[in-house]
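Read through the structure below, which is laid out as structure tokens, and then see the notes.
Every chain is numbered from 1 and lettered A, B, ... according to where its sequence line falls, protein lines coming before strand lines.
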Amino acid sequence: MKEFQAIQAPKGVSEYFPPRSQNFELVRETLIDSARISGYQLIELPMFEDTELFKRGVGESTDVVSKEMYTFEDRGGRSITLRPEGTAGVMRSVIENNLDKGQLPVKIWYSGAFFRAERPQAGRYRQFYQVGVEAIGASSPELDVEVIAIADRAFKSLGLKSYRLEITSLGDAASRNAHRKDLITFIEKMNLDAETAARAVLNPLRLFDDKREEIRSAMQNAPVLLDYLSPESAAEFASVQEILGALGIAYTVNPRMVRGLDYYTGTTFEFIHEKLGAQSGIGGGGRYDGLMAELGGADISGIGFGLGVDRVLLACEAEGLFDPEFAAGKLKVYLIALGAQSKSATIKLLNDLRTAGIASDMAYGDRALKGAMKAADKSGAQYCVVLGENEISSGKFEIKDMKTGTVKEVTMSTLIDFLAE
RNA sequence: GUGGUCGUAGCUCAGCUGGUAGAGCACUCGGUUGUGGUCCGAGAUGUCGCGGGUUCGAGCCCCGUCGAUCACCCCA
């Protein structure tokens with residue numbers, strides 16, 4: 001007879017708990033800060049949407065929509081999908097709430113969980129976290145670069161080094177159509193296996209990304225989209241590169257870059273980290289000219305990106321960027337009550353410290369002093385105060401610096417000032 | 001979704017050709033009166049992922065299943 005069956009987390013979900021959650025939080029906040037200081041504001045959206053939104057917005061031919069969505073029927077018989085990416089939902093909300101009727105561009109950021117039913121792998125989860133930005137309603141190379149710079153600045157301020165930025169341009173519709181025609185003609189002569197041929201029909205650009213050497217070398221001579229750009233598109237792309245150069249943001253042009261979502265046009269980019277194995281993309285994005293109109297909004301352009309928080313965290317770990325003390329916690333002071341009589345005064349002091357904004361904690365239960373000191377040590381607190389009857393009655397404490405071991409005498413009235421310094 | 005590898009204490013792992021489990025770290029307590037991080041001593045801890053099967057007997061063999069991992073597909 002079985003007493004219980006332990007319940008496991010669903011397949012492929014990542015969880016962040018202490019101490020690593022501290023690093024996760026740092027990564028996410030750093031990514032968000034970079035957007036905030038560039039004038040972007042929060043948009044908080046539902047995690048599930050009408051399935052139709054993604055079919056129309058992301059594109060039915062994409063892998064994401066055709067085989068990776070968590071779709072279910074709700075109690076009203078509506079088809080609902082857990083969001084697999086962020087941009088479509090943002091566009092929906094912008095249109096629905098008339099955000100595009102005010103001053104443009106609308107600049108917003110978001111952060112949260114996304115869902116794709118793929119086979120899990122390191123850095124690829126079924127529930128994953130992204131920080132994204134969208135700048136909607138203006139089309140200019142400066143804005144393209146601003147968005148790229150937000151990501152680049154965030155990575156740099158985390159201390160990341162082993163990553164590179166790849167950019168390309170998908171041009172306007174006329175450029176893409178001309179190229180597509182020639183590319184298909186080229187591919188039809190390639191004598192592909194059935195599976196690969198089927199993939200080529202869905203999106204011929206995919207073949208540029210194939211990992212097999214024979215396909216790679218065959219594709220060396222395939223026509224690339226950059227050679228088909230209209231004069232306007234080419235000029236825009238040149239301008240993007242010029243501004244990137246002026247800002248000192250290193251990049252390489254990769255004419256064979258492939259993006260997985262149908263809505264991209266014009267400038268597109270990808271950040272790739274070199275120490276992450278197969279799932280090396282830590283962020284990517286691009287311009288989307290037709291998306292707003294496709295979803296029933298005004299015919300205005302936008303640009304945005306999604307950064308993978310899980311992957312950026314892995315990248316930071318691969319580069320050994322985290323200070324162990326940071327992960328340990330951020331307590332300023334740790335209190336130890338000695339004896340039952342001291343407890344209530346200690347609790348009161350702890351509460352006062354917290355109210356004063358000083359991160360503090362105390363030893364719970366009735367641990368021996370030695371055990372309590374150990375707990376103080378492990379908490380990572382900067383200081384420790386032991387409160388016994390003497391301290392409570394005299395109002396004078398010894399505050400100990402846990403790093404140096406030095407002790408200093410303070411009084412009840414000067415303690416908060418001392419710690420708030 | 002396809003293929004390879006793996007799944008033993010909280011963590012990292014050991015466990016020889018099948019005979020009912022061990023180490024290090026961590027944890028708890030102690031090393032005489034109220035001060036941690038080092039050192040010494042003692043102690044607790046395991047549905048051997050789960051379910052079947054083969055066997056007198058399985059952590060070790062077989063099947064299934066769940067999960068992880070690596071690669072493919074694809075992507076953050």
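- Only the P atoms considered, B:G30 is 13 Å distant from B:G36, to the nearest whole Å.
- Base pairing annotation: B:G24 forms a Watson-Crick or G-U wobble pair with B:C11, both donor-acceptor distances under 3.5 Å.
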**Request:** Assign a letter to each nucleotide of nucleotides 68-73 of chain B from its 5' end: B, base within under 4.0 Å of a protein heavy atom; S, sugar-phosphate only; -, no contact.
**Result:** S-SBBB

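- A straight line from CE of A:M69 to C1' of B:C75 spans 15 Å, rounded to a whole angstrom.
- As rounded to whole Å, 16 Å separates atom C1' of B:C75 from atom CZ of A:F115.
- For B:G34, its base never sits under 3.5 Å from the side chain of A:E398 at any donor and acceptor pair.
- Rounded to whole Å, the distance from CG on A:N390 to P on B:U35 is 13 Å.
- Side-chain atoms of A:E134 and A:Y110, non-hydrogen and from C-beta on, do get closer than 4.5 Å to each other.
- Looking at which nucleotide of RNA chain B each of A:V386 and A:V258 is closest to, the 5′-most match is held by A:V386.
- Atom-to-atom, NZ of A:K396 to C1' of B:G34 comes out at 18 Å; the value is rounded to the nearest Å.
- Atoms CG (A:D310) and P (B:A76) sit 13 Å apart, rounded to a whole Å.
- Between B:A26 and B:U12, the two C1' atoms lie 11 Å apart (nearest whole Å).
- Ring pair A:Y383/A:Y334: centre-to-centre distance not below 6.0 Å.
- For A:S66 and A:D63, the side-chain atoms include no donor-acceptor pair closer than 3.5 Å.
- Stacking of the aromatic ring of A:Y129 onto the base of B:A76 is not found under the criterion of centres within 5.5 Å and planes under 30°.
- Spacing between B:A44 and B:G10 at atom C1', rounded to whole Å, works out to 13 Å.
- Look at the C1' atom in both B:C16 and B:C61: the space between them is 16 Å, to the nearest Å.
- Summarising the local packing, CD of A:E389 is surrounded by 12 or fewer heavy atoms from other residues, nucleotides or ligands at distances under 6.0 Å.
- Base pairing annotation: B:U65 forms a Watson-Crick or G-U wobble pair with B:G49, both donor-acceptor distances under 3.5 Å.
- The same atom, C1', is picked in B:G31 and in B:G67; the two are 45 Å apart, to the nearest Å.
- Residue-to-nucleotide proximity on RNA chain B shows that, of A:T62 and A:L369, the 5′-proximal contact is made by A:L369.
- A straight line from CD1 of A:I215 to P of B:C74 spans 11 Å, rounded to a whole angstrom.
- For A:D377 against B:G37, no side-chain N or O and base N or O form a donor-acceptor pair under 3.5 Å.
- The aromatic rings of A:Y263 and A:Y288 sit perpendicular to each other, their planes meeting at more than 60°, with 30° as the lower class boundary.
- Using atom P as the reference point in both B:U65 and B:C56, the two lie 28 Å apart (nearest Å).
- Put simply, OH on A:Y70 is 14 Å from C1' on B:C75, counting in whole angstrom units.
- Using C1' as the reference atom, B:U33 and B:U28 are 22 Å apart when rounded to the nearest Å.
- Under a cut-off of 6.0 angstrom, the local environment of CD in A:Q41 is sparse, with at most 12 non-hydrogen atoms contributed by other residues, nucleotides or ligands.
- Other residues, nucleotides and ligands place no more than 12 heavy atoms under 6.0 Å from the CZ atom of A:F48.
- Within the 4.0 angstrom heavy-atom criterion, base atoms lie near A:L338.
- Ring-plane geometry between A:F128 and A:F114 is classed as tilted, the angle between the planes lying from 30 to 60 degrees on a 0 to 90 degree scale.
- Between A:F271 and A:F305, the distance separating the two ring centers is not shorter than 6.0 angstrom.
- Applying the 6.0 Å contact sphere to NZ of A:K55 captures no more than 12 heavy atoms from other residues, nucleotides or ligands.
- Taking atom C1' in both B:C48 and B:U8, the straight-line distance is 4 Å, to the nearest Å.
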Under 3.5 Å between N/O atoms: give me all the protein pairs with nucleotides 27-30 of chain B, atom names plus distance.
{"from": "B:C27", "atom 1": "OP1", "to": "A:K378", "atom 2": "NZ", "distance (Å)": "2.3"}
{"from": "B:U28", "atom 1": "OP1", "to": "A:R367", "atom 2": "NH2", "distance (Å)": "2.9"}

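- No option in A:D417, A:L415, A:I416 other than A:L415 meets the side chain to side chain contact (heavy atoms under 4.5 Å, CB included) test with A:L419.
- As a whole-Å value, the separation of A:F114 CZ from B:A76 C1' is 10 Å.
- The residue A:E391 sits close to a base: some heavy atom pair falls under 4.0 Å.
- Base pairing of B:G1: its partner is B:C72, meeting the Watson-Crick or G-U wobble criterion (both donor-acceptor distances under 3.5 Å).
- In this entry B:C16 has no Watson-Crick or G-U wobble partner, no candidate having both defining distances under 3.5 Å.
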